[in-house]
Structure formats: structure tokens, C-alpha cells
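Take a look at the structure below.
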Number of protein chains: 2
Amino acid sequence: MTVRAAEAPGTADQRRAQMLRAALEIITERGYPDTRIADVAERAGVSPALVIYYFKTKDQLLTEAIRHYEDFWYTVSARRLAELPTATARLEELVAMNCLPEEEPEPGLSWQIWLDFWAQAARNTEVADVRRMSDERWREMIRSIVTLGQQTGEFAAVEVEGFAICLASLLDGLAIQIALEDSVVDPVTAFEVGMRFAADQLGFAWVPGRTRTSAVQ
Amino acid sequence: MTVRAAEAPGTADQRRAQMLRAALEIITERGYPDTRIADVAERAGVSPALVIYYFKTKDQLLTEAIRHYEDFWYTVSARRLAELPTATARLEELVAMNCLPEEEPEPGLSWQIWLDFWAQAARNTEVADVRRMSDERWREMIRSIVTLGQQTGEFAAVEVEGFAICLASLLDGLAIQIALEDSVVDPVTAFEVGMRFAADQLGFAWVPGRTRTSAVQ
DNA sequence: AATGATTGACTGAATGTTCAGTCTAGAAAC
DNA sequence: GTTTCTAGACTGAACATTCAGTCAATCATT
């Protein structure tokens with residue numbers, strides 16, 4: 001017996017994934033620095049010792065959790081964007097992903113992890129590397145959408161790199177407000193600010209009322 | 001005897017200020033969560049017990065340190081801006097303060113502290129309040145400059161609140177890159193991105209070469 | 001003398017990590 | 001087919017350390 005929340009012992013890979021998921025949950029809830037391996041272990045239905053058994057050290061666990069999250073986020077994003085037909089729709093989806101919380105996890109919670117992520121990147125070189133890559137990927141996404149839009153004639157001929165830097169930074173800044181639940185800049189406002197900027201710079205028409213082309217409502 | 005780095009005992013207010021400054025230095029160096037009162041005490045040339053004597057708890061010390069920093073920063077900013085004649089010059093200075101590192105606000109106190117600040121605000125309501133006020137102040141600064149510029153005819157008639165939100169967010173996002181020493185977005189690039197955005201939106205001329213009207217070089 | 005500032009020494013709690021094993025499943029030996 | 005052996009997964013209990021906060025005693029100043 002001893003049927004735990006975790007159920008089957010499972011393979012090594014499953015266990016790792018399970019712990020990383022648990023770690024992510026705890027990080028999201030308590031914040032990076034206040035995440036204890038005991039918490040993660042409990043969430044995964046496992047002893048603290050086992051967590052150390054898999055991840056040599058606490059720091060390694062948390063770092064890998066961040067990396068894991070980053071990868072997951074990027075994969076989901078890329079897949080979603082690829083499904084949309086026009087560059088405009090893709091750009092809109094990209095901005096929406098950055099601004100509009102989805103039911104998935106608690107609203108606001110999932111954004112907070114980015115703040116921890118950035119703060120951690122400032123001192124932990126391991127995390128800093130992950131972030132650097134993450135940001136480059138993100139800008140590359142923007143670049144490729146803009147380039148596509150320019151080829152199809154949807155977008156004006158702006159300087160791509162400059163636009164990517166600007167939009168990426170703007171979205172980061174908006175993400176901060178959303179994560180901290182700013183009273184002035186709520187998610188919808190942020191979304192509209194982002195889209196208005198993009199539409200203005202790239203010269204395509206966009207009306208704020210109609211939320212998302214791939215309307216989720 | 002026991003002539004410490006701190007020298008004179010000073011009044012209670014001086015002592016507090018001294019410790020807050022020390023706290024800020026340590027926070028900047030080690031990060032918010034890894035700042036220990038022993039560090040702060042040592043930096044201030046004082047016993048750990050005395051730190052607790054002045055600030056009932058560690059949390060209070062750190063929170064006040066943040067608040068102190070906030071206040072100091074805004075005071076300096078406001079004074080500097082007021083000295084400049086035109087709205088354009090003020091806006092340029094504002095963007096520069098957000099992007100170009102200087103020795104001005106306490107040497108060493110870098111941008112990283114903002115990341116800690118944000119991350120902390122996500123979980124600590126005390127800090128969250130400070131941040132909310134801080135952000136509102138910041139947007140108000142932008143708003144007043146824009147309004148001034150519109151009155152003098154320097155700026156076009158954009159919607160002020162929307163522009164303030166957008167610029168503030170953009171600058172926050174750029175600050176992240178600068179704090180994390182992004183290889184693509186260095187301070188000068190960030191400054192130019194910010195200014196180009198402002199010039200574009202507000203419809204004033206701006207050439208990237210000439211750095212700052214109140215050239216410090 | 002009295003009051004407030006200051007400290008060294010101490011404590012208690014939290015928590016990352018180690019360790020000495022237990023348990024299970026499958027391979028090897030018989 | 002049964003026993004023995006082995007390796008890896010897993011754990012409870014201890015260990016070691018780090019730190020915030022306490023306290024009684026001292027110092028300085030009025």
C-alpha cells in the first residue's frame with residue numbers, strides 16, 4: 001500500500017517531470033526564494049531526500065524548473081502561433097498571450113513567476129543564461145512574424161530589429177503591471193496598449209472592441 | 001575607542017538613515033532575499049542587535065529601505081527635471097534616467113534592485129503598496145511633462161493617459177534588459193529606443209547621435 | 001541617578017543535506 | 001524453478017548550519 005498522491009513509483013524521467021511540475025507550482029505560490037524542498041517533496045508526494053536524490057541540490061532543482069517552464073511556455077506559444085493564418089492574427093495572439101490571463105492557472109499567479117525569474121537572473125548565472133535565451137527566442141518570434149507580415153503586405157516596412165526590441169520591452173513592462181495587478185493597467189488595457197502600439201508602428205488597422213481574432217471570449 | 005567605519009554615533013535619525021543606506025547597498029549586492037541583518041549591521045559598522053533595536057524586524061528594515069530608496073529616487077528625479085527648460089529636454093532626461101547608468105544615485109546602486117523590488121511586491125503587500133505609489137508617481141511625471149509640452153506646442157495632441165501607460169511600461173521593460181545586461185539591448189540602445197518611441201508618438205524631432213540635451217558625456 | 005544607546009552572547013526554529021539502511025524487481029547462479 | 005545477488009528507488013532520522021530575534025549587562029550623556 002502506501003498509495004500516495006503520486007501513485008505509481010514510475011520511471012526516473014516521470015519522477016523528474018513530476019518534481020519539476022511540483023517545484024513550479026510551489027515557486028508560483030510562494031515565490032522562488034521561499035520555496036523549500038520539503039514543500040516540493042510534499043507536493044510531489046515524496047520524501048525530501050528523494051528530491052535531492054534526483055537533483056543534486058536545491059538550486060539545481062529550481063534552476064531546472066525554470067528552464068523546464070521556459071521550454072514549455074515557448075513550445076506552447078510556437079505551436080499556437082503556427083496555427084494562425086495571417087501575420088496580424090499571430091501578432092495579436094502573441095500580445096494576448098503576454099497580457100490576457102487564461103483560466104488555466106490562477107490569474108496573476110503565472111505572471112508572478114516572471115518577476116522571480118528576472119530577479120533570480122540578476123544573481124544566478126545559470127538562470128541568467130536561461131533568460132538570455134528566452135528573450136532572444138521571444139524577439140525572434142516577433143521578428144519572424146513581422147517579416148512574414150511585411151512579405152504578405154500586411155505590415156509596413158519598419159526596421160525589424162528595432163521594432164522587436166521595442167515591442168518585447170513594452171510587453172515585458174506590461175507583464176509587470178499585470179503580475180502586480182496594477183489598478184490602472186489591467187490585462188485588457190495592457191492588451192489594447194500593446195496592440196495599438198503594434199498597429200500604429202506596423203500600419204495595420206485594429207479596433208480595440210473585437211478581442212482576439214481567434215476569439216476565445 | 002571602537003572607532004568603526006561608521007564613525008560618530010550620531011542621532012537616532014542619522015543612525016536610521018545610515019542603516020537604511022547600508023541595507024540598500026547589501027540588497028543591491030546580494031539581492032533582497034539573501035540580505036541578512038548581520039550584513040547590514042556590519043556594513044553600518046554596528047551590531048546586529050542594534051539594527052533590530054531600530055527596526056523591530058528584518059522585514060520592516062527591508063521594506064523601509066525600499067521606501068527610502070523610492071523617495072530618494074523621486075526627489076532627485078523631480079528636482080532634476082524641474083531644472084530643465086523645455087518639455088522635450090525633460091522627457092529626454094526622464095528617459096535617460098531610466099536607461100543610462102550614472103554615478104548620481106549612490107554609486108553601485110544599480111538597476112537590479114528594481115527586479116527585487118517587483119518580485120517582492122508580488123508577495124509582500126507592504127512593498128506592493130510602495131510600488132503602486134511609485135508607479136503612479138512615475139506616470140504622473142510623464143503626464144505632466146506631456147501636458148506641458150502640448151501647451152507649449154512642442155508635442156502633438158496625443159491621449160495623455162494612454163501615452164503615459166505605454167511609455168512607463170516600455171521604460172520598465174527596457175530597465176529589465178539593462179539590469180540583466182542583455183547583450184542586444186545595452187543602455188544606449190535602450191535610450192534610443194525609448195526616445196525614438198517618444199519622438200514618434202509625440203511628433204517632435206530627435207536625432208540619436210546627440211546624446212542628451214543637457215550633455216553630461 | 002536615570003535614561004537611552006549599544007553590544008556580546010545566546011537561543012530556538014527552520015531547513016538543506018547526509019546517511020545508513022529498506023524495499024522491490026529483475027538478473028545470475030544453481 | 002528456486003535461491004542468491006545486485007542495483008536502483010526510496011525513506012526516516014539525524015546532522016549541521018544559518019539566522020532572526022532576545023536579553024542582561026555595559027556605556028555614554030544629560
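Just so we're on the same page: letters track the sequence lines, and every chain starts at 1. Computed from a predicted model, the values in this text were never measured in an experiment.
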Separation of D:dC19 atom P from B:Glu42 atom CD, nearest Å, is 13 Å
Atom CD of B:Gln18 and atom C1' of C:dT6 are separated, to the nearest Å, by 13 Å
Separation of D:dC10 atom P from A:Gln14 atom CD, nearest Å, is 10 Å
To the nearest angstrom, the CZ-P distance between A:Phe55 and D:dA9 comes to 13 Å
Between CG of A:Leu50 and P of C:dC23 the distance, given in whole Å, is 17 Å
Residues at least two apart in sequence or cross-chain that pass side-chain hydrogen bond (donor to acceptor under 3.5 Å, both in side chains) with B:Asn98, listed by chain then number, are none
Residues 63-76 of chain B vs salt bridge (Lys or Arg N to Asp or Glu O under 4.0 Å), sequence neighbours excluded, gives B:Arg16-B:Glu64, B:Arg67-B:Glu126, B:Asp71-B:Arg137
Rounded to whole Å, the NZ-C1' distance (A:Lys58 to D:dT17) equals 14 Å
B:Thr189 meets the side-chain hydrogen bond (donor to acceptor under 3.5 Å, both in side chains) criterion, sequence neighbours left out, with B:Asp186
Note: contacts of residues 30-37 of chain B with DNA chain D (heavy atom, under 4.0 Å) are B:Thr35, B:Arg36, B:Ile37
If only side-chain N and O atoms of A:Tyr53 are considered, is one of them under 4.0 Å from the OP1 or OP2 phosphate oxygen of D:dA9?
yes
Quick one: is A:Thr57 getting a side-chain N or O under 4.0 Å of the C:dT17 phosphate, OP1 or OP2?
-> yes
Between OH of B:Tyr54 and P of D:dG21 the distance, given in whole Å, is 18 Å
In short, salt bridge (Lys or Arg N to Asp or Glu O under 4.0 Å) pairs touching residues 158-179 of chain B with sequence neighbours left out are B:Arg143-B:Glu161
Atom CD1 of B:Ile52 and atom P of C:dA5 are separated, to the nearest Å, by 16 Å
Hits for side-chain contact (heavy atoms from CB on, under 4.5 Å) against B:Thr147, two or more places apart or cross-chain, chain-then-number order -> B:Gln151, B:Val160
| For the residue pair B:Phe117 and B:Tyr69, is the inter-centroid distance of their aromatic rings smaller than 6.0 Å? | no
